[in-house]
Amino acid sequence: MKDELIKQVRELQNFLIDKVAKAESGANITNQEVRLINEALSSLSFIIQNLNIEPHQKVILQKTYRIALDVAYEKLFYYSAYYYSYQKISKGEIYEQQESFFQINVNTATMISVIEGYNNGTTGIGGSTDDYYAERMPRVLWVLEYVLKNSLEELFIPSLYVTYNLSQSLSLYLESGHKDYSEKAMDLLNSILKIQSRFHSLDSVKRILSENIQLDIFRIFQNWKQECALAKEKTPINFEISNFDTFKSENSLRVLSSLFFLDEAQFTSLFERKYDQVVSEIAKHRVGLNNFLFVKSLANYLFLKGNEPIELDLNHLNKGELDFSKYINDIFKDYQESASIILTDDDLPRLLNYDDDTLREKVAETILGVDKHILNRESQKPHGVSEISDMEIPIRLEDELYYMCMPFKSGREIPSNTVPVGVSYQIFRPFLHFDNCVVVFVSAKRASQNLMNYIKRMQSKLGWNIAVIENEELAKLLKQNGLLN
Amino acid sequence: MQNVHAGYAPARHLHEPLAIIGMDETILKSITREFRVNDLFLFGNSSSQNDIDILIVSNDFSNISRIKRKQLIQKSSPMLDPICLTDEEFNKLNNSDSSLWEKISTTGKRLI
């Protein structure tokens, strides 16, 4: 099963990269493609957050997530699907109504991907487009009210999907801890609950849910998520799924997706029963929805089965051929000359005693060719949650803007004799946000052998520009510049 | 020195005095210090110095994630609520019929 996951994640990543390339070429990305992108991102988010993968692979997946989400995000058009929904559904022909429901769900799925991106450390939430999500959602509620008021039974099923999807996005948002829209989200979620209650009280809806197990389990799952988000008492969950073996792959995978959260034992048992059939079926078709749904369930399953370390086979997403080592002497004053400096017995203890702020300020003094305002800002800024590195210095190399991202480790921060490999994610993370990026890791203590080997492996395998200025080398650089005092 | 120089773009003429727009000259300098700006629009309610809506167009953003672009601008100018676009993204925006572009084109002041 691990091998199957490795294969499927690679397919998923390739799919997303293809869509990014298509968007970059100027070709139109359809709503159907956006739908698939969001399904793929949902699976990717679970893997990023939960599976036991190496830090550099997490960064590659996060970068894949980020660039693919940009493609879906571009198609939001400021939630125009929400904005025009009432007009299209109350006045449109049946095909316009169906199209509008589809687009509403695609917009909602994109916002879910944004929130998941926030949760998995890839993106932020906020800005004018995201503002429209909460501002324009009431128009969709008008649609649902219209359907109820006019008893438009032929629109009940798409309406139910819309309410559950909206509810999913709002519950997810409230659980994320992000604050900007929390009041609005709470109000909207409570409004949707009332609308849902009205739907669920109708005999025709009860019949729909009894005949559509996938929709009914989705309803139960969203109800559970709402209760979590609103801190309500949980409704006991007790159901058995019958006839699961007769379900088609997509239906069974959708059911499993909800079941993972509701009933782990049933999920595990049913997944094992369905595994061979799904693998055989997706092998016969082009990469698509079932692959992405399957990856998610497979990742869910492996997570429950002990979450052993897994090495994925990923596209490295590399761009550019810059060799930063050619420029390092131009950026750090007298870097080459400092190699011949002799250190006294006092020099290293002095270096190890500097705190993080002092170290940053001193190293900033050695940096050439960068506006002093920027150096002062970066060397004196407080540590923030959203910061990628302790210092992010814009430099121009070959007439292109690069960011020199500098994580720092002072002697006081590291209790052990050497810097452990556990800091590696901090060193690799800048490559997620900057395509043009060099990382200079500055450390008062020596990096451990494991850490250095990991860095060298990434330099070689991924072409990441990572320089390390540590311990004696750092002391010599500062002393050369009269800063080791 | 091999093609390394400060991230500074030369100052450009403004279409209106900054004092009238209510925007501190240092804010403008802090942006052009780091990025080569092709276009800059102030829009929305610019009478307040808090949460100034600004659209910045620079191809330097092309290799930077969206969330990071905003963070980089807000580092030196926390009062700005920036939208940061490359030339290509800006062209898509001004060819769209979005309410955002309508707001910028009707109420915005071009600063560069």
Side-chain angles (χ1 to χ4, degrees), chain A residues 24 26 62-63 66-67 69-70 73-74 76-78 80 83 114 117-118 122-129 131-132 319-320 326-331 368-375 377-378 381 384 386-388 392-403 430 432-437, chain B residues 1-10 26-27 29-37 43-44 51 53-55 58-78 80-86 88-89 91-93 95-104:
Chain A
E24 283 178 354
Q62 284 176 306
K63 186 163 182 175
R66 182 205 113 202
I67 59 179
L69 177 57
D70 278 351
Y73 201 73
E74 283 285 298
L76 277 171
F77 301 120
Y78 309 98
S80 58
Y83 189 75
V114 169
Y118 176 78
T122 307
T123 64
I125 302 175
S128 44
T129 299
D131 290 349
Y132 282 124
K319 267 174 78 169
K326 291 194 301 188
Y327 299 98
I328 198 164
N329 199 50
D330 299 327
I331 291 174
L368 297 168
V370 177
D371 190 296
K372 284 293 174 199
H373 293 91
I374 294 174
L375 285 174
R377 180 192 79 201
E378 288 299 309
K381 71 183 182 190
S386 59
E387 290 293 346
I388 293 171
E392 293 162 349
I393 309 289
I395 54 175
R396 291 211 180 254
L397 304 175
E398 306 295 344
D399 208 40
E400 272 198 59
L401 177 65
Y402 278 74
Y403 273 84
L432 151 61
H433 285 288
F434 297 107
D435 292 342
N436 285 0
C437 176
Chain B
M1 191 174 286
Q2 296 182 58
N3 296 316
V4 173
H5 56 88
Y8 177 74
T26 56
I27 295 175
K29 271 191 181 164
S30 74
I31 298 170
T32 55
R33 184 176 287 139
E34 199 158 333
F35 302 101
R36 287 178 178 162
V37 176
F43 64 99
D51 276 356
D53 291 323
I54 188 164
L55 168 64
S58 168
N59 282 330
D60 283 342
F61 294 136
S62 59
N63 292 308
I64 305 171
S65 72
R66 284 176 195 276
I67 180 66
K68 199 61 202 163
R69 296 176 193 180
K70 186 172 174 175
Q71 282 174 10
L72 289 169
I73 297 292
Q74 287 180 326
K75 269 203 230 203
S76 47
S77 311
L80 295 182
D81 187 9
I83 297 172
C84 307
L85 302 177
T86 62
E88 193 182 329
E89 290 161 355
N91 287 336
K92 277 187 192 167
L93 174 67
N95 287 325
S96 73
D97 57 0
S98 77
S99 51
L100 174 65
W101 178 244
E102 198 185 315
K103 192 175 175 186
I104 294 171

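So you know, we letter chains A, B, ... as the sequences are listed, proteins then strands, and number each from 1.
- Contact of the A:Glu400 side chain with the B:Asn63 side chain is registered, since non-hydrogen atoms from C-beta on lie closer than 4.5 Å.
- Proximity of A:Glu392 to B:Lys75: side-chain heavy atoms (C-beta onward) are separated by under 4.5 Å at one or more points.
- Here OG of B:Ser62 is found 7.0 Å from CG of A:Asn436. Values are rounded to the nearest 0.5 Å.
- Note: B:Ile83 CD1 to A:Thr129 OG1 = 7.5 Å, rounded to the nearest 0.5 Å.
- Annotation for B:Glu88: atom CD does not count as buried by contact number, only 12 or fewer foreign heavy atoms lying within 6.0 Å.
- With values rounded to the nearest 0.5 angstrom, B:Glu34 atom CD is found 7.5 Å from A:Leu401 atom CG.
- Legend: residues meeting salt bridge (Lys or Arg N to Asp or Glu O under 4.0 Å) with A:Asp131, ordered by chain and number and at least two apart, are absent.
- Looking at A:Asp399 and B:Arg36, a side-chain N of the basic residue comes within less than 4.0 Å of a carboxylate O on the acidic one, giving a salt bridge.
- B:Asp81 does not touch chain A: none of its heavy atoms, backbone or side chain, sits under 4.5 Å away.
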Stepwise side-chain contact (heavy atoms from CB on, under 4.5 Å) check, A:His433 with B:Gln71: CA-CA 11 Å; A:His433 285 288; B:Gln71 282 174 10; over 6 Å; no
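- Residues satisfying the ring pair (Phe, Tyr, Trp, His ring centres under 6.0 Å) test with A:Tyr132, not counting sequence neighbours, are A:Tyr78.
- Heavy atoms only, all atoms of each residue included: B:Ile64 and A:Arg66 are closest at C-NH2, 4.5 Å.
- Using a 4.5 Å cut-off between heavy atoms, A:Ser80 does not touch chain B at all.
- The NZ atom of B:Lys68 sits 8.5 Å away from the OH atom of A:Tyr403 when rounded to the nearest 0.5 Å.
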Check against salt bridge (charged side-chain N to carboxylate O under 4.0 Å, His left out), A:Arg396 and B:Asp60: CA-CA 10 Å; A:Arg396 291 211 180 254; B:Asp60 283 342; 2.4 Å; yes
Stepwise side-chain contact (heavy atoms from CB on, under 4.5 Å) check, A:Asp70 with B:Arg66: CA-CA 8 Å; A:Asp70 278 351; B:Arg66 284 176 195 276; 3.2 Å; yes
